[in-house]
Amino acid sequence: MSWIDIAALDDIPLRGARKLRTAHGCVAVFRTGADTVHALDDRCPHRGGPLSEGIVHGTSVTCPLHNWVFDLNTGAAQGADEGKVATYPCRVEGGRVLIDATRLGAAA
């Protein structure tokens, strides 16, 4: 894996997200209430809602447009909804959020 530094952990609010713009599209980087970070495509497969504007609860995010819920670990829709968004490995090191640049390039 090739890790790149994208932000300070404190730049992402608890139970919130920030949008990472890449050449291949936007990625939503989430911070849970338990201080873990997760990264998903920032586009709901249902109607393209911006997941970075969704509600983070536990290890899930709810799309702000139609209330679809996605697991932050797997990207899979929960409940009766079907679909999946791509996930990207990320980690926190020394208070900085790192994401796997190799996976970002593979998304293209």
Side-chain angles (χ1 to χ4, degrees):
M1 289 186 198
S2 175
W3 298 97
I4 57 172
D5 185 320
I6 58 169
L9 179 62
D10 290 339
D11 290 341
I12 306 170
L14 281 174
R15 292 175 296 284
R18 288 291 183 253
K19 186 185 317 185
L20 173 64
R21 297 179 196 276
T22 76
H24 309 297
C26 293
V27 173
V29 181
F30 299 93
R31 182 178 176 191
T32 67
D35 240 5
T36 60
V37 293
H38 305 269
L40 307 174
D41 277 342
D42 190 30
R43 185 171 169 82
C44 176
H46 175 236
R47 300 273 181 174
L51 294 177
S52 60
E53 295 176 19
I55 297 170
V56 178
H57 46 100
T59 56
S60 301
V61 62
T62 299
C63 178
L65 295 185
H66 299 101
N67 295 325
W68 281 36
V69 179
F70 295 91
D71 184 290
L72 293 174
N73 293 303
T74 66
Q78 298 178 354
D81 300 321
E82 294 183 12
K84 189 172 184 173
V85 292
T87 62
Y88 302 91
C90 54
R91 67 183 190 206
V92 177
E93 217 174 77
R96 302 292 301 176
V97 178
L98 308 173
I99 192 165
D100 180 13
T102 307
R103 285 288 308 276
L104 288 176

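All residue numbers refer to positions in the sequence shown, counting from 1. Since this is a predicted model, take the numbers as computed values, not measurements.
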Practice problem: Output the distance between atom NZ (Lys84) and atom CZ (Phe70), rounded to the nearest 0.5 Å. | Solution: 11.5 Å
Self-check item: Side-chain touch His38/Thr32, heavy atoms, less than 4.5 angstrom
Solution: yes
Self-check item: Close side-chain approach of Tyr88 to Asp41, heavy-atom, < 4.5 Å
Solution: yes
Exercise. Return the set of residues passing ring-ring contact (aromatic ring centres under 6.0 Å, His included) with His66 (not counting sequence neighbours), or none when no residue passes.
Key: His46
Quiz item: Do Cys90 and Phe30 come close enough that some side-chain heavy atom pair is under 4.5 Å?
Solution: no
Quiz item: Checking Arg91 side chain against Ile99 main chain: does a donor-acceptor pair fall under 3.5 Å?
Solution: no
Quiz item: Given side chains that start at C-beta, do those of Val29 and Ile12 come closer than 4.5 Å, heavy atoms only?
Solution: yes
Practice problem: Indicate if Val97 and Leu20 have the same hydrophobic cluster label, given that clusters are the connected sets of ILVMFWY residues with side-chain heavy-atom separations under 4.5 angstrom. | Solution: yes
Quiz item: Are the side chains of Val61 and Leu40 in touch, meaning some heavy atoms are under 4.5 Å apart?
Solution: yes
Exercise. Work out which heavy atom in Gly75 is nearest to a heavy atom in Thr87; give both atom names and the distance.
Key: N-CG2, 3.5 Å
Show which side-chain atoms of residues 47-59 pair as donor or acceptor with protein atoms under 3.5 Å away, not counting sequence neighbours.
| from | atom 1 | to | atom 2 | distance (Å) |
| --- | --- | --- | --- | --- |
| Ser52 | OG | Asp42 | OD1 | 3.1 |
| Ser52 | OG | Asp42 | OD2 | 3.1 |
| His57 | NE2 | Thr62 | OG1 | 2.6 |

Quiz item: Would you say Thr22's side chain and Cys26's backbone share a donor-acceptor pair under 3.5 angstrom?
Solution: no
Exercise. Identify whether Ile4 and Val37 are in the same connected component of the hydrophobic contact network (ILVMFWY, side-chain heavy atoms under 4.5 Å).
Key: yes
Self-check item: Asp35 side chain reached by Leu9 side chain, heavy atoms, under 4.5 Å
Solution: yes
Quiz item: If we only count heavy atoms from C-beta on, is the Ile6 to Leu98 side-chain gap below 4.5 Å?
Solution: no
Quiz item: Considering residues at least two apart in sequence or located in another chain, which fulfil the side chain to side chain donor-acceptor pair (under 3.5 Å) criterion with Asp5?
Solution: Arg96
Self-check item: Main-chain N/O of Thr102 paired to Asp100 side chain as donor or acceptor, under 3.5 Å
Solution: yes
Quiz item: Is the backbone N or O of Ser60 less than 3.5 Å from a side-chain atom of Asp71, with the two atoms forming a donor-acceptor pair by type?
Solution: no
